[in-house]
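Following: one structure in structure tokens, then a few remarks.
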Amino acid sequence: MVQLKKVLSGEIKLKKNLSFPGAVVMPEPDVQVITSCGSRIPAHSKILASASPVLENIVERRQKGKGSERKIPILGVPYDAVSVFLQYLYSSECGEDQMDKYGMHLLALSHVYMVPQLKQVCSKGLSQRLNVENVVDVLQLARLCDAPDLHLKCMRLLSNKFKAVEKTEGWRFLQNNDPYLELEILQFFDETESRKKRTRRRRADQNLYVQLSEAMDCLEHICTEGCTSVGPYNMDPCKHKGPCTKYSTCHGLQLLIKHFGTCAKRANGGCSHCKRMWQLFKLHSSICDQPDECRVPLCRQFKLKANQVRRGNDAQWRLLVKKVISAKTVSSLSLPKMNKTPVDQHLQSF
């Protein structure tokens, strides 16, 4: 930084005969950058113009003027921030210490003078330095400077640590002076919470579909291969002594089938357990593509009835079948068993 100032101010004269071939001698500065404190920083108009289209327009206007001394005012920020800004235009480098001290000023300058590389560097640097105390100020600047990534990270920090931010002076100033931004923040909180609820609901639904898919596989397993205490009429289930390790729902489903076969209320519609078993049989029938060969009870009867009767909730039932088939396809690709969900709890609630 000191070296750059000396070069710009002419205190260091570059030698004409340098030790490496192709070296170019830096010309004398031909423009003065005026800062807020009235100080002047000598600079080269061609370098400024090549780095910023805004400065290029200013330089061209100054060249058309009558005066021999060309000035470019860069106001509203400290002298040192302007110096660091000019250093970046010359070297495309910005140190961590400079970002710590002048990051917000540099973001504003990069936006005003359209230096996208510096704007990206500042946006990333400020996002890494966000904290409870400065997040409101950085958010306001990010909105003014059209920095969406930085704006989003500020919003997320506000959402996660709002109780602490609410006690800061920056938040109180925002409430008194920028009600529109306060409303935008509160709307973001509401939308974020709504998205979280929708995500949790979708995950819960997906877990339910996966468990129903496993219950369908388990039902075919029991009715085709037989398991611990339940199996086809021509197979002795007593040969299977140990608990089933193939499906987590197997034990509960066996209990449900045994209850369904002996329940006295089944002829009159059955109890809640019987109704659940009817639903599982119906769901299996809707998924099964070989009802004539299927060994699951009532599969063919449900299939024939479904082709004859169209109920009001038929569309809703078809959607459920579609979701279970989709979950079955996905679960077939991921072999590890999932944690138990309400379906398992219902099957084992005897």
Please say whether more than 12 non-hydrogen atoms of neighbouring residues, nucleotides or ligands are located less than 6.0 Å from CZ in Arg203. no
Which pairs pass ring pair (Phe, Tyr, Trp, His ring centres under 6.0 Å) with one or both residues in residues 191-225, sequence neighbours excluded? His221-Tyr247
May I have all residue pairs that pass ring pair (Phe, Tyr, Trp, His ring centres under 6.0 Å) and include part of residues 281-301, sequence neighbours excluded? Phe260-Phe281
Tell me every residue that passes ring pair (Phe, Tyr, Trp, His ring centres under 6.0 Å) with Phe162, counting only those two or more places apart in sequence or in another chain. Trp171, Phe189
Residues at least two apart in sequence or cross-chain that pass side-chain hydrogen bond (donor to acceptor under 3.5 Å, both in side chains) with Thr35, listed by chain then number, are none
Indicate yes or no: does Glu96 engage Lys101 in a salt bridge with an N to O separation below 4.0 Å. no
All ring pair (Phe, Tyr, Trp, His ring centres under 6.0 Å) counterparts of Tyr113, not counting sequence neighbours: Phe85
Among pairs that include at least one residue of residues 150-167, which meet salt bridge (charged side-chain N to carboxylate O under 4.0 Å, His left out), considering only residues two or more places apart or in two chains? none
Using the test salt bridge (charged side-chain N to carboxylate O under 4.0 Å, His left out), find all partners of Asp100 that sit at least two apart in sequence or belong to another chain. Arg129
Please name all residues satisfying salt bridge (charged side-chain N to carboxylate O under 4.0 Å, His left out) with Glu184, sequence neighbours left out, ordered by chain then number. Arg143
Could you work out, with side-chain hydrogen bond (donor to acceptor under 3.5 Å, both in side chains) as the rule, every residue matching Gln140, not counting sequence neighbours? none
Got a sec, which pairs hit ring pair (Phe, Tyr, Trp, His ring centres under 6.0 Å) with one end in residues 121-143, sequence neighbours left out? none
What residues, two or more places apart in sequence or in another chain, satisfy salt bridge (charged side-chain N to carboxylate O under 4.0 Å, His left out) together with Arg200? Glu193
Transitive ILVMFWY cluster of Ile34, excluding itself - 4.5 Å side-chain cut-off: none
Spatial distance of atom NE2 (His105) from atom SG (Cys122) [nearest 0.5 Å]: 11.5 Å
